[in-house]
Student: 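Just passing along the structure, written as structure tokens.
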Amino acid sequence: MPTYSRTGTLFGTGHSDCADAAALPVPRLVQWLTTFRCDLRCPHCLTGASASDRTEMSLAQARHLVDQVADLGVEEFLLSGGEPMLRPDLPEVIALLHRREVAYSVNTAVLPPPAVQAAMKEYPPAFAAVSVDGPAEVHDAFRGRAGAFDEALAAIRFFRHLGAEVAAGTTVTSISFPCLPQTFLTVAASGATCWGIHLLIGEGRAAGRDDLFLSRPQLRRLLEFVAAKRQYFPVQMADEMGYCGDWEPLVRDRPLVCGAGRAQCVILPDGEVVPCTTLDRSCSAGNVLLQPLGKIWRDGFAELRRWRPAGRCARCAYRRACGGGCWLQRRTGQGCYRDIWHVAAALKTRASAAVCLGTLLAGGAACAGDGPALASAPQTRPGAMQVPPELGSDTPIGGGIEEQILLWEAGGPVYPLPSAPVPSADLHEDPAWQFFRSYRDGDLPADLEHYTAAVKAALKTQQRSLSFAALLWRSMMERLLADSGPQARSQQDRQRIAATLAEMETAANQWRAEIFQKKLDPYLRRGLLPEYSFMASKAGPPQWVLLELKVERERWGEPAPHGPAPHGSAPDGHEEAVEAYLARHPYAWQKTISFSLPEGQELVLVNAQGERRVNKSGDWGIYDIAVTPATDQKITLEVRQIHASLPLVLPANCQITYADLLRLSDQQCKDTLEKLFAQGRRQDVPEMLSLVLRRYRQLQSEPPSTNPVSFYERRGELQATAAWLADFWLF
């Protein structure tokens with residue numbers, strides 16, 4: 001797995017056009033590849049090709065290294081490999097770290113052996129990253145050892161019980177890409193506190209495995225996946241993709257800047273010091289067994305620190321924001337992903353550019369796995385950690401409704417670890433929790449009048465959750481899919497549906513804007529307008545803060561002449577930039593359905609913003625309702641999708657919701673959808689959601705009597721398909 005750390009290169013310094021901003025005085029992160037040893041056989045391993053090289057530091061040399069790291073004041077010392085747990089003297093190394101009070105982290109794929117566990121209980125790591133490549137069968141096959149998956153989950157639980165922050169790390173390959181939805185649910189239920197998504201680096205064993213690398217369409221879908229899943233769980237793209245343009249705030253907590261040789265370095269088992277995780281010793285700036293680490297850092301990596309964009313990089317409009325991307329990818333010729341994320345004319349002004357690089361939860365929420373349409377499925381899955389009986393089944397786990405939805409989607413409640421967030425005291429009384437609990441338990445009112453009243457009551461929640469907005473919408477769509485259809489609804493029912501959908505849309509957009517405003521852009525808040533509490537102290541800010549501010553000012557200009565904005569307020573122009581960004585990334589845009597009409601026909605679409613008339617082509621949003629005329633002439637339209645066009649006929653004198661459009665596509669284009677389903681196109685056609693839900697409901701009503709294995713295999717396949725559709729199309 002590529003490096004994943006507590007400070008991380010995400011928090012390092014990036015490229016600057018000023019020589020004196022080239023590097024930090026002391027690296028924030030020093031990673032030590034403690035050994036090349038590993039008893040797994042991962043096809044993407046960086047060090048696998050060097051597994052026969054047993055050259056590694058002795059314990060005495062390790063002591064000297066720890067002393068140097070401590071004397072330098074390095075913020076984080078990362079132990080990795082190979083597999084660091086296979087270093088026989090690792091307990092003694094941890095004791096050395098304890099003696100010098102060096103904060104350390106661990107990257108591993110296995111449960112530490114008993115001796116290491118004992119040492120870690122005495123001096124726990126501050127952070128651990130554990131590799132999770134997918135569901136059990138995928139993970140074990142990829143790692144080359146049966147039981148590796150269970151061991152990885154056990155490692156996550158062990159580190160969490162130590163009180164460490166734990167990242168599950170997934171290097172996405174062509175093998176693991178199809179099962180990302182299931183992997184998400186696995187990670188969410190594992191106890192990990194975050195999930196890092198990595199790309200392959202073309203070194204080590206991966207250098208000869210072109211078949212493992214993602215295609216360009218898959219990379220685009222990966223961005224969509226991460227943007228959606230961040231609404232449920234701390235998921236973010238690691239640094240291998242480099243700068244992501246307009247997608248930056250959708251896939252990361254803050255803008256990425258590559259810290260290789262500027263904010264971090266890597267020490268190989270034999271002592272060579274390289275900028276980042278590469279085994280190419282030609283990149284070494286020296287050897288810690290021959291000269292001090294401080295001198296190597298001070299005098300080394302000169303060429304990398306002087307790097308300036310050249311060729312097409314020099315002509316690129318994003319060169320300052322990008323800074324050359326990830327150094328590891330750049331040196332293998334894979335550094336530019338502009339064709340994946342580029343949005344024409346997206347960066348119009350300095351303010352909008354800054355928002356594009358900000359901390360944002362502006363995308364929609366994805367819904368995956370055992371969702372409400374699958375409500376009668378078992379609420380727990382094998383291996384899930386259960387809530388102790390004394391807590392009761394109604395005890396909320398986590399800090400708010402987001403956590404409740406996540407854990408339910410993951411297949412069952414997860415035991416709250418000691419450092420898990422304490423649920424808010426008033427959550428039990430919040431209408432969002434009450435609605436979700438009834439929804440989860442199948443206790444919502446059966447009649448439309450009382451159901452819509454329950455939705456409206458839930459919208460009075462004090463929670464601000466796009467996950468809950470998505471759950472409300474999905475609940476309404478299921479209710480409409482289960483009734484007799486649009487032609488059978490009374491006028492009163494139509495009014496209730498329209499009013500409820502309008503309120504849901506208004507609330508979702510309001511919550512989305514509030515969430516965005518609370519996660520203001522770090523360039524505007526911390527770069528142009530710094531508000532660090534220690535700026536006025538006698539000691540002053542750390543050097544890395546000053547360097548980051550300098551680099552950010554170079555990219556985006558100096559602060560406004562009138563000085564910093566008052567605490568809690570937005571800088572000038574930020575509101576306009578926020579509004580522009582939200583307009584470019586509308587809520588649930590992945591689920592919008594494009595359609596065209598024949599010459600001479602017109603369709604009226606209504607939502608919370610009002611009424612609009614479409615006479616040639618248009619987009620059908622998730623809250624839109626079409627009102628068809630009370631004439632004998634039926635409206636015909638063609639739904640355009642990636643791999644198919646679906647001709648549909650809308651009944652006259654009806655109110656057609658998004659759910660009804662799904663129903664009609666299932667009824668009128670069943671053969672086409674079945675064919676695409678069989679061809680594996682299931683993730684590319686949003687209308688197929690109705691087909692999957694119908695099939696799943698049929699399985700739910702079929703008792704697993706004679707052939708339970710086949711029954712659960714079929715249900716599992718449909719769950720996976722539903723997850724695909726939800727991840728890439730629902731929101």
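Numbers for residues simply follow the sequence, beginning at 1.
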Student: Between Gln182 and Pro135 (side chain of the first, backbone of the second, donor and acceptor by atom type, cut-off under 3.5 Å), is there such a pair?
Tutor: no
Student: Could you check whether any side-chain N or O of Asn107 sits under 3.5 Å from a backbone N or O of Ser80, counting only pairs where one atom can act as donor and the other as acceptor?
Tutor: no
Student: For the backbone of Leu78 and the side chain of Gln31, can you confirm whether one donor and one acceptor N or O come within less than 3.5 Å of each other?
Tutor: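 No, because the side chain of Gln31 does not come within donor-acceptor range (under 3.5 Å) of the backbone of Leu78.
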Student: Under 30°, 30 to 60°, or over 60°: which ring-plane class applies to Phe301 and Trp297, parallel, tilted or perpendicular?
Tutor: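 Perpendicular.
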Student: Just wondering, do Thr186 and Phe149 contact through their side chains at under 4.5 Å, heavy atoms?
Tutor: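 Yes, side chains in contact.
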Student: Is it the case that the side chain of Gln236 and the backbone of Val251 share a donor-acceptor pair, with hydrogens and angles ignored and the cut-off at 3.5 Å?
Tutor: no
Student: Would you say the side chains of Glu56 and Thr34 form a donor-acceptor pair under 3.5 Å?
Tutor: no
Student: Leu111 versus Met85: any side-chain heavy-atom pair under 4.5 Å?
Tutor: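 SC-SC contact between Leu111 and Met85 ruled out.
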Student: Just by distance, do the side chain of Arg205 and the backbone of Cys42 share a donor-acceptor pair under 3.5 Å?
Tutor: yes
Student: Quick one: does Arg464's side chain have a donor or acceptor within less than 3.5 Å of a partner on Thr461's backbone?
Tutor: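 Yes.
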Student: Taking Trp511 for the side chain and Phe468 for the main chain, is one N or O donor matched with an acceptor at less than 3.5 Å?
Tutor: no
Student: To the nearest 0.5 Å, what is the distance between CG (Leu279) and CG (Leu33)?
Tutor: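 Between Leu279 CG and Leu33 CG, I get 7.0 Å after rounding to 0.5 Å.
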Student: Using the side-chain contact (heavy atoms from CB on, under 4.5 Å) definition, which of the options Thr35, Leu40, Val110 pairs with Glu83?
Tutor: Val110
Student: Just wondering, do Cys194 and Glu165 contact through their side chains at under 4.5 Å, heavy atoms?
Tutor: no
Student: According to side chain to side chain donor-acceptor pair (under 3.5 Å), who are the partners of Gln329, at least two apart in sequence or on a separate chain?
Tutor: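 So Gln329 forms a side chain to side chain donor-acceptor pair (under 3.5 Å) with Tyr337.
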Student: Within the 4.5 Å heavy-atom criterion, are Phe77 and Ser105 side-chain neighbours or not?
Tutor: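 The answer is no; the side chains never approach within 4.5 Å.
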Student: Rounded at 0.5 Å granularity, tell me how far CD1 in Ile401 sits from OG in Ser467.
Tutor: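 Nearest 0.5 Å value for the CD1-OG distance: 9.0 Å.
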Student: Tell me which one of Leu328, Thr173, Leu219 satisfies side-chain contact (heavy atoms from CB on, under 4.5 Å) with Leu199.
Tutor: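 Result for side-chain contact (heavy atoms from CB on, under 4.5 Å) with Leu199: Leu219.
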Student: Would you say the side-chain atoms of Ser176 and Asp133 include a donor-acceptor pair closer than 3.5 Å?
Tutor: no
Student: Can you tell me how far the CH2 atom of Trp327 sits from the SG atom of Cys276, to the nearest 0.5 Å?
Tutor: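 Going from CH2 on Trp327 over to SG on Cys276, the span is 7.0 Å.
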Student: Would you find a donor on one side and an acceptor on the other, under 3.5 Å apart, between the side chain of Arg143 and the backbone of Ala148?
Tutor: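 No, Arg143 side chain to Ala148 backbone: no donor-acceptor pair under 3.5 Å.
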Student: If we ignore hydrogens and angles and just use 3.5 Å, is the side chain of Trp341 paired with the main-chain N or O of Tyr243 as donor and acceptor?
Tutor: yes
Student: Regarding Asp140 and Arg145, does a basic nitrogen lie under 4.0 Å from an acidic carboxylate oxygen?
Tutor: no
Student: Taking side chain as C-beta onward, heavy atoms only, is Phe177 less than 4.5 Å from Thr170?
Tutor: no
Student: Nearest heavy-atom pair of Ala152 and Val130: which atoms, and what distance?
Tutor: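 Heavy atoms of Ala152 and Val130 come nearest at O-CG1, 3.6 Å.
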Student: Side-chain polar contacts of residues 90-102 - donor-acceptor pairs under 3.5 angstrom, sequence neighbours left out - could you list them?
Tutor:
| from | atom 1 | to | atom 2 | distance (Å) |
| --- | --- | --- | --- | --- |
| Arg99 | NH2 | Asp67 | OD1 | 3.4 |
| Arg100 | NH1 | Asp67 | OD1 | 3.1 |
| Arg100 | NH2 | Asp71 | OD1 | 2.8 |

Student: Is a side-chain N or O of Tyr104 found less than 3.5 angstrom from the main chain of Tyr123, in a donor-acceptor match?
Tutor: yes
